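Taking it in order: structure first as structure tokens, then the write-up.
Just so we're clear, the structure is a prediction, and the values are computed from it rather than from any experiment. Every chain is numbered from 1, with letters handed out A, B, ... down the list of sequences.
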Amino acid sequence: MIIALRLGLVAALLLAWELASGRLVPEFFVSRPSAIAVALANYIQDGMIFFHMGVTATEAIAGFLLGGGAGFAAGLLLGRQPVLADVLDPFLTAFYSLPKVALAPLYVLWFGIGIEMKIVLAATIVFFLVFLNTYSGVRQVSREQLTILRLMGASEWQTMRMVVVPSAVSWVFTGLRLSVPYALIGAIVGEMIASNRGLGFVLSDAAGQFSTANVFAALLVITVLAILLNMAVRLAEKMLMPWQHAGNRREFSV
Amino acid sequence: MDWPVTMLLFEQVDMDFSANGRAVPAVRGVDLAVEAGEIVTLVGPSGCGKSTLLNITAGLFAPSRGRALYNGAPIRGINTRVGYMTQNDHLLPWRDVLGNISVPMEIAGLSQARKRERAEELLSLVGLSGFEKAYPAQLSGGMRKRAALARLLAQDPETLLMDEPFGALDAQLRLLLQAELRRVAKRFGKTVLFVTHDLDEAVAIADRCVIFAGRPGRIAEVLPITLPVDRDLFKLRFDPAYNELCARLWSIIAPELASGLAASQ
Ligand SMILES: Nc1ncnc2c1ncn2[C@@H]1O[C@H](COP(=O)(O)OP(=O)(O)O)[C@@H](O)[C@H]1O
Ligand SMILES: [Mg+2]
């Protein structure tokens, strides 16, 4: 039922767009769904779009893993070492306040215009989101559960493995889920600034040729990539935290 | 014949907690010696410091005044010689029942096979066989208590601190576990501190029953439970000496309850 309503909404919007284009708004600015479909079909037939999609996905995923891993490690460390966290706080806040894409020109100088620069840019953005979430997750670990483990004679490493990490992992995933679009931002902005491949390049290339239909088609492909990455994170979340939906399988009661 | 060893010694223990910057007295002048291998039950109205004494024994905090000695030495920091089954079960939500029971055995470094075997034993003891793969969120309150009990027994500590462990259980299972606790404790010489609101239980499993009173809490009376060491818990109901002791305990507690009620009105 909901799905039917959604499809109806999409159909209505597309129809309105098709009709308005060239009549109410110049086609140059908004293109039209039929033209976009043709542009998309051309992209797919040509096959190059899959290469570009692969490049962007590689950059985003590598940046995501790199930034996520570093953010997770830093969050665990600082979460368990409050003094270190206090010392570093102003520096982290300063760095956090900096819009990370502003680092792109610097990264071009450091890493060139290859894939590395996009990976590092995506990783820098992802790092902070995952770090901050891991850090709050670690700070919110139940002191009672930690104490219970210590009464059983657990070492710091054992409490880390059995309590801190699993307890923080739902926060980590919140950070990771938030990170998906930002990893893509890093990769695509990097490509738009300096590259001859990737969806960011396709996008700026289409815009450079004033082909609005191609711009919209590229945006669609980017959206599809974002949805795929989102689904991958959700799948990993389900597999790594089976207890999270275990509670949902129980009948609701108060 | 070996001499009784004092496992736990409270000497003039006072405990204050600070609330809004003011010291609020919680426990006053507690003197108590618990021998190794002794089962001591603690009863009394809530808020009279029973859990506080267990917390001090576990080393979660030190007395404000007086001394608390474990095995002859002052308790400093977390006391890993005790196993503590707190009022809340504190199971780890991300581990299933089997995983939760395995925690103390993993810490002790038991082999995979030994862990598995011991966990199966304990699960059937507490009546949770078949629930190995269930997560705490899927269990009822009573089942969670049973899992926490199995975890405590898996830890196999020298001293067991148990804070209202059987409160949420049905009568049959409770009797079964009381008997099992006494059997295990006596067989392996465990020292047990056991808080309960159930006066029959306080008599049935105890070698001695400590009765608390008032706010701030203090020990009102200590009742030696003069029942045989190898008593049969399933037949106690028909034992005149047991019924006598329960009546005794009730008569000590009842005025306490009445004055507590009057105070709260
Ligand atoms: N961690 C704590 N912080 C502050 N006050 C506490 C704390 N633990 C216990 N108290 C207070 O000490 C008194 C005794 O509590 P407790 O030992 O839990 O009683 P019981 O277990 O006999 O019901 C109560 O008034 C309680 O509010
Ligand atoms: Mg209590």
Side-chain angles (χ1 to χ4, degrees), chain A residues 72 75-76 79-80 133-134 136-177 234-254, chain B residues 51 54-55 57-61 70 75 77-110 131 133-141 143-144 147-148 151-161 163:
Chain A
F72 179 63
L76 278 187
R80 298 297 290 166
N133 275 283
T134 308
S136 5
V138 171
R139 296 320 299 270
Q140 305 216 352
V141 169
S142 140
R143 285 174 59 202
E144 286 88 356
Q145 277 165 353
L146 286 175
T147 306
I148 288 286
L149 265 273
R150 283 172 60 215
L151 276 165
M152 293 180 195
S155 63
E156 168 71 15
W157 165 244
Q158 283 169 325
T159 49
M160 197 79 161
R161 187 170 63 78
M162 296 194 215
V163 180
V164 178
V165 170
S167 158
V169 77
S170 65
W171 286 77
V172 175
F173 270 107
T174 306
L176 288 178
R177 248 187 288 119
R234 279 179 201 277
L235 191 69
E237 196 170 353
K238 265 212 176 106
M239 277 171 16
L240 283 170
M241 297 194 296
W243 67 90
Q244 284 255 315
H245 57 145
N248 301 341
R249 285 204 297 269
R250 196 172 144 79
E251 290 292 317
F252 175 78
S253 63
V254 287
Chain B
S51 301
L54 296 198
N55 288 338
T57 309
L60 301 189
F61 38 69
Y70 186 86
I75 300 164
I78 296 286
N79 182 358
T80 55
R81 307 273 285 274
V82 305
Y84 194 174
M85 184 172 164
T86 52
Q87 239 163 317
N88 300 319
D89 51 67
H90 295 310
L91 295 172
L92 302 178
W94 42 86
R95 283 183 171 234
D96 59 17
V97 168
L98 188 64
N100 266 290
I101 294 175
S102 301
V103 167
M105 300 191 277
E106 275 173 40
I107 292 170
L110 262 59
F131 287 95
K133 294 265 163 280
Y135 286 99
Q138 296 168 293
L139 301 179
S140 72
M143 290 159 91
R144 293 172 63 111
R151 181 177 66 178
L152 176 72
L153 295 176
Q155 187 189 346
D156 195 26
E158 183 177 70
T159 294
L160 280 68
L161 308 177
D163 204 341

Task: Part of A/Val163 within contact of chain B (heavy atom distance under 4.5 Å) - done: both

- [ ] Please look at B/Leu152 and chain A and tell me whether the side chain, the backbone, both or neither of the residue comes under 4.5 angstrom of a heavy atom of that chain.
- [x] neither

TODO: Identify the two heavy atoms, one from B/His90 and one from A/Glu144, that lie closest to each other, and give their separation to 0.1 Å.
DONE: CE1-CB, 3.2 Å

Task: chain B contact via A/Ser167 - which portion, at a heavy-atom distance below 4.5 Å - done: both

TODO: Apply the side-chain contact (heavy atoms from CB on, under 4.5 Å) test between A/Ile148 and each candidate in B/Leu91, B/Asn88, B/Thr86, B/Leu92; give the one that qualifies.
DONE: B/Thr86

TODO: Among A/Pro166, A/Ser170, A/Gly153, single out the residue with the greatest number of heavy-atom pairs under 4.5 Å to chain B.
DONE: A/Pro166

Task: Segment of B/Arg81 engaging chain A (4.5 angstrom heavy-atom cut-off) - done: neither

- [ ] Take A/Met152 and B/Arg151 through the test side-chain contact (heavy atoms from CB on, under 4.5 Å) and record every step on the way to the result.
- [x] CA-CA 10 Å; A/Met152 293 180 195; B/Arg151 181 177 66 178; 3.4 Å; yes

TODO: Quick one: pull up OH in B/Tyr135 and CD in A/Gln244 and give me the separation to the nearest 0.5 Å.
DONE: 10.5 Å

Open item on the list: Any heavy-atom pair between the side chains of B/Pro93 and A/Gln145 that's under 4.5 Å?
Closed with: yes

TODO: Let me see the working for B/Ile107 and A/Met162 under side-chain contact (heavy atoms from CB on, under 4.5 Å), right down to the final yes or no.
DONE: CA-CA 10 Å; B/Ile107 292 170; A/Met162 296 194 215; 3.8 Å; yes

Task: Enclosure of B/Arg144 CZ (heavy-atom neighbours >12, cutoff 6.0 Å) - done: yes

TODO: Go through the atoms of A/Arg161 and report whether side chain, backbone, both or neither lie under 4.5 Å from a heavy atom of chain B.
DONE: side chain

TODO: Take A/Leu151 and B/Val82 through the test side-chain contact (heavy atoms from CB on, under 4.5 Å) and record every step on the way to the result.
DONE: CA-CA 7 Å; A/Leu151 276 165; B/Val82 305; 4.0 Å; yes

